[in-house]
Amino acid sequence: MPSVDNGTRYRASIPDWYSVRSSALRLAQIEKLTDAIPRWDRTVRFFRDVEQSRFYVEEPTDFDRENHRAALHLLIGLGRNWLLETQNFTDQQWSGYGMTRADLAAYIADLEDTFFMFYVPDPEPGRTAELQKAIFGANP
Amino acid sequence: MPIPKIIAELYGARYDWQMAPLEEKAEMKARFDELMTQAAKAYGRSEMAIWIAVSDNYHVWRRQNRLPKPSPKPD
């Protein structure tokens, strides 16, 4: 169970990373997309809570980064697989899910951008530093 | 030095995209994309170059500006 800091802020514990990954792995066993996608949504939101706690409230450890990275791979992979499975869906079929294909694609892109921000190295750090100076001034 | 207005708006849009309910993700992403286009035009660089340059500071902005309430634990 996650601990709660005086009821106002959630503090993730290390086992919460296991909960995220095991929840994601269980999603792959669900056949009905009408069940799987809402549960994936809840899993992603819990992932974001753990990320918030371990990356933004506290400083992440290597353990946090390894689990964060693994969880992103799992969640993105599931979403991408469902995009493929639904590529011939009609608008009427999508309306049964309460969202559009564009919504699912945008959700996956959100996760992919998180992976990009945290784990893809900058190919041109020198040029980036110059641009940062132009945007933020001498001390970004 | 304060964050340029266009970048602060971009950060807000990035956060809104992440936090949006499933059925609003496309709309929020479209807003972020629109602001990215504006920022790319303002600085004369590609959208990817802009995001690479500002995304590190996004984490700082998140710490200082956005601490959402937690969601229910999944099944």
Side-chain angles (χ1 to χ4, degrees), chain A residues 1-2 4 8-10 12 16 19-20 23-24 26-27 37-49 52-53 55-57 97-111 113-114 116-118 120 122-125 127-132 134-140, chain B residues 1-11 13-33 36 38-40 42-75:
Chain A
M1 257 324 258
V4 178
T8 59
R9 184 185 299 175
Y10 164 67
D16 288 332
S19 295
V20 172
S23 180
R26 282 197 297 274
L27 288 170
I37 292 178
R39 287 177 67 174
W40 175 79
D41 179 28
R42 289 197 292 278
T43 301
V44 173
R45 291 186 190 281
F46 181 58
F47 161 79
R48 288 300 191 189
D49 289 342
Q52 172 80 12
S53 177
F55 281 75
Y56 292 103
V57 177
Y97 286 78
M99 61 174 176
T100 65
R101 180 180 177 79
D103 289 318
L104 180 58
Y107 207 158
I108 296 163
D110 166 29
L111 294 167
D113 185 65
T114 298
F116 174 81
M117 279 198 282
F118 279 100
V120 176
D122 183 356
E124 294 183 302
R127 290 196 74 188
T128 296
E130 285 174 17
L131 183 52
Q132 286 171 331
I135 293 172
F136 297 113
N139 298 305
Chain B
M1 189 165 174
I3 296 173
K5 184 168 178 286
I6 183 66
I7 303 302
E9 285 181 347
L10 192 65
Y11 288 162
R14 181 65 187 95
Y15 180 81
D16 289 342
W17 171 20
Q18 181 177 307
M19 291 298 160
L22 200 160
E23 65 274 13
E24 293 176 21
K25 289 286 187 188
E27 181 187 342
M28 293 297 112
K29 181 179 183 294
R31 173 68 181 144
F32 174 80
D33 289 343
M36 276 299 314
Q38 291 178 22
Y43 291 103
R45 296 291 296 275
S46 70
E47 293 177 13
M48 179 165 287
I50 296 290
W51 189 235
I52 290 172
V54 306
S55 57
D56 274 354
N57 198 57
Y58 172 73
H59 303 304
V60 175
W61 179 89
R62 273 288 301 269
R63 286 196 180 97
Q64 292 172 351
N65 293 278
R66 292 288 190 273
L67 287 176
K69 290 180 185 174
S71 329
K73 198 169 179 182
D75 306 331

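Quick caveat, the model's predicted, so the values are computed rather than measured. Computed over heavy atoms, backbone and side chain alike; hydrogens, waters and symmetry mates excluded. Letters A, B, ... are given to chains in the order of the sequence lines, protein chains preceding strands, and every chain is numbered from 1.
With chain A as the partner, the residue from B:Ala30, B:Pro21, B:Ala26 showing the most heavy-atom pairs under 4.5 Å is B:Ala26. Between chain B and the residues A:Leu27, A:Leu104, A:Thr128, A:Val20, the most heavy-atom pairs under 4.5 angstrom are made by A:Thr128.
Looking at B:Ile6, there are no atoms closer than 4.5 Å to chain A (heavy atoms on both sides), in backbone or side chain. Contacts between B:Lys25 and chain A at a heavy-atom distance below 4.5 Å involve backbone atoms as well as side-chain atoms. With a 4.5 angstrom heavy-atom cutoff, A:Arg127 touches chain B via backbone and side-chain atoms both. Heavy atoms of A:Phe47 lying under 4.5 Å from chain B are absent altogether. When heavy atoms are compared at a cutoff of 4.5 Å, B:Ala20 approaches chain A solely by way of its backbone atoms N, CA, C and O. Contact of B:Ile7 with chain A is made through the side chain alone, with heavy-atom distances under 4.5 Å. At a 4.5 Å heavy-atom cutoff, the contact between A:Ala109 and chain B is made by backbone and side-chain atoms alike.
Electrostatic pairing of A:Asp110 and B:Arg14 counts as a salt bridge here, judged by a charged N lying under 4.0 Å from a carboxylate O.
One distance of note links CG of A:Leu131 with CD1 of B:Ile52; it measures 9.5 Å at 0.5 Å rounding. Interatomic distance, CG of A:Leu111 versus CD of B:Gln18, reported as 8.5 Å (0.5 Å rounding).
Residues forming a ring-ring contact (aromatic ring centres under 6.0 Å, His included) with B:Tyr11 (at least two apart in sequence, or on another chain): B:Tyr58, B:Trp61. Partners of A:Phe118 according to the ring-ring contact (aromatic ring centres under 6.0 Å, His included) rule, which considers only residues two or more places apart in sequence or in another chain, are A:Phe55, A:His68, B:His59.
Inspection of the A:Asp113 and B:Trp17 side chains reveals no N or O donor paired with an N or O acceptor under 3.5 Å.
In this structure the side chain of B:Leu22 reaches within 4.5 angstrom of the side chain of A:Ile37, judged on heavy atoms.
A donor-acceptor pair is defined here as one N or O able to donate and one able to accept, closer than 3.5 Å; such a pair exists between the side chain of A:Gln132 and the backbone of B:Ala53.
Pairing each heavy atom of B:Pro4 with each of A:Phe136, the nearest pair is CD-CD2, 4.2 Å.
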